[in-house]
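Proteins come first, then strands; the chains are lettered A, B, ... in the order of their sequence lines, and each starts at number 1.
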Amino acid sequence: MQNPKQKSRQLALVDCNNFYVSCERVFRPDLINTPIVALSNNDGCVISRSNEAKALGVKMGQPWFEVKALAEEHGILALSSNYALYADMSNRVMSILHEFTPHQEVYSIDESFLELTGIQNLKSISYQIKQKVMKCTGIPVCVGIGPTKTLAKLANHIAKKHPRSKGVFNFNDLNESQKDSLLGKISVGEVWGIGRRLSQRLASYNVVTVQDLKLAHTATLRAQFGVVIEKTQRELCEHSCIELTEVEPAKKQIVSSRSFGQMVTDLNALKDAVSLFTANACQKLRAQNSHASMIQVFLCTNRFRPELPQYNPCISVPLPQPSNDTVHINRWADYLVGKMFKEGYQYKKAGIMLSEISASTHRQMDMWEPQEQADTNLMRTLDAINTRYGRGTVTVSTQGAYKSWQMKQERKSPNYTTDWSSAPEA
DNA sequence: TCTCCGATTAGAC
DNA sequence: CTAACGGTCTAATCGGAGA
């Protein structure tokens, strides 16, 4: 029996356009019409493109060195990613969206689902959302509305793609035959949850368009592709199976790792790098009020250079008791790096993973090992300073090895929103 | 045979 | 001049080990 309330559900997916690039443009309005891209860590790959850059054929995820010639030819400007800036802009956008409904799921740095069920004149509300976000943050967004998350996502895709929609598309406004014909024109790969591999495999079953997937034989689909796709199909049929998650669940594992700007051969540099990763991972752990009881540390050589000797060691250790103390966990991490390290390899990446994560509240305390209290105060202070003045302001130790592994970021914009000294001169 | 576990796969952004 | 290719996270699934 279908719940009649569910039928009239109105879910919006608000997605920022070309988010990282748009953030950069807020502080560099002179770049409004130039083709620009933002690069991943180490200036490795293109991860955000302005419309002009897309039009010139720059692909998402493309390695920068492949794009370089094209970029020089057409004057495409590349910027190193500035996550402090993007996170800050994201927070502003998300809090504005929150003003339109109490029921919001912040799905990613640039997307939010909003429950708008029961609200009248959705079209006008959607334009108000767009305008308010633009006015208050300078970030352009598109709004897609549908009866399920999957359809809201698809509606957003349509809003982005068709200029006539002016950035807003409501799937619920269509009649049945309009829906059929529209879904028949969109390829399955555009559906949330259907990636490249699945699209390819689906094609061999003659499932090519969204409409094909909607009408596919459910039992076969499930047998061949699993439960996830069955949910997706139901969502396309307007049966909501994926709920709004308004409170972000605590992470079950926390990884902090990074490729280095250069190859690293020195043990102390590796230890230095891992100690910073450990500090970041532990801060995330404390931010969600958790403790971890398993830590894993890994080193990697450069897999893109198969002619060089390869070595990718990885050790995990269970902690005697759960911890979120940077100093404590770093002692283990440091020890593990030393244990795994072998001369004669050029290391390109390292990292730490914290797992077996439990809530701090119901942590088993070991009655024979008191102490701790002093350390948690230290950690609180550390977090406060780093939150106030930026990540990495205070770290556990670094004897200057930093520069030998530091990320390559040759094209970073200033920290406009988090650093006074970066503010443009009046 | 059942269950548990780690590794692998696929997807998102 | 050359070499240069991200980082997190989750859920499902699979195959082997052990009960």
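- Between A/K231 and A/E243 there is no salt bridge, since no side-chain N of the basic residue sits under 4.0 Å from a carboxylate O of the acidic one.
- Atom CD in A/Q296 sits roughly 12 Å away from atom C1' in B/dA7 (whole-Å rounding).
- One can place CD1 of A/I194 at 8 Å from P of B/dA12, the figure rounded to the nearest angstrom.
- Between A/K349 and C/dG6 there is no side-chain polar atom (N or O) within less than 4.0 angstrom of OP1 or OP2.
- No donor-acceptor distance shorter than 3.5 angstrom exists from the side chain of A/T278 to the backbone of A/N330, with no hydrogens or angles considered.
- Across the protein-nucleic acid pair, A/I229 atom CD1 and B/dA12 atom P stand 11 Å apart, rounded to whole Å.
- Under a 4.0 Å N-O distance rule, the pair A/E52/A/R25 qualifies as a salt bridge.
- OP1 and OP2 of B/dA10 both lie 4.0 Å or more from every side-chain N or O belonging to A/R201.
- The backbone N or O of A/S259 lies less than 3.5 Å from a partner atom in the side chain of A/N42, making a donor-acceptor pair.
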Sugar-phosphate means primed atoms, P, OP1 and OP2; the rest is base. With that split, encode nucleotides 9-17 of chain C 5' to 3' as B, S or - using protein heavy atoms under 4.0 Å.
SBSSS----
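- The nearest whole Å value for the distance from the CE atom in A/M60 to the P atom in B/dG11 is 16 Å.
- Atom CD1 of A/I47 and atom C1' of B/dA12 are 14 Å apart (whole Å).
- Counting non-hydrogen atoms of other residues, nucleotides and ligands closer than 6.0 Å to NZ of A/K54 gives a total above 12.
- Across A/G138 and A/V26, no two heavy atoms sit closer than the pair O-CG2, 3.7 Å.
- OP1 or OP2 of C/dT8 sits under 4.0 Å from a side-chain N or O of A/S257.
- Between the CZ atom of A/F260 and the P atom of C/dG7 there is a distance of 10 Å, given to the nearest Å.
- Residue A/S81 has no polar side-chain atom (N or O) positioned under 4.0 Å from OP1 or OP2 of C/dG6.
- Taking every heavy atom of residues 105-114 of chain A and every atom of DNA chain B, pairs under 4.0 Å involve A/Y107, A/S108, A/D110, A/E111, by number.
- Between A/Q310 and A/Y345 the shortest heavy-atom distance is O-CE2, 3.8 Å.
- Panel note: side chain A/S290, backbone A/Q288; a donor-acceptor pair is recorded below 3.5 Å.
- Contact annotation for A/V191: backbone-only contact, meaning every heavy-atom pair under 4.0 Å involves sugar-phosphate atoms and none involves a base.
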side-chain contact (heavy atoms from CB on, under 4.5 Å) between A/Q346 and A/T265, intermediate numbers included
CA-CA 5 Å; A/Q346 296 181 281; A/T265 51; 3.9 Å; yes
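- With rounding to whole Å, A/M353 atom CE is found 16 Å from C/dG7 atom P.
- Checking C/dG7 for Watson-Crick or G-U wobble geometry (two distances, each under 3.5 Å) identifies B/dC13 as its partner.
- Under a 4.0 Å N-O distance rule, the pair A/E238/A/R9 does not qualify as a salt bridge.
- Remark: ring of A/W64 not stacked against base of C/dC5; the cut-offs of centroid gap under 5.5 Å and plane tilt under 30° are not jointly satisfied.
- In this entry the distance linking CD of A/Q288 with P of C/dT8 reads 15 Å, nearest Å.
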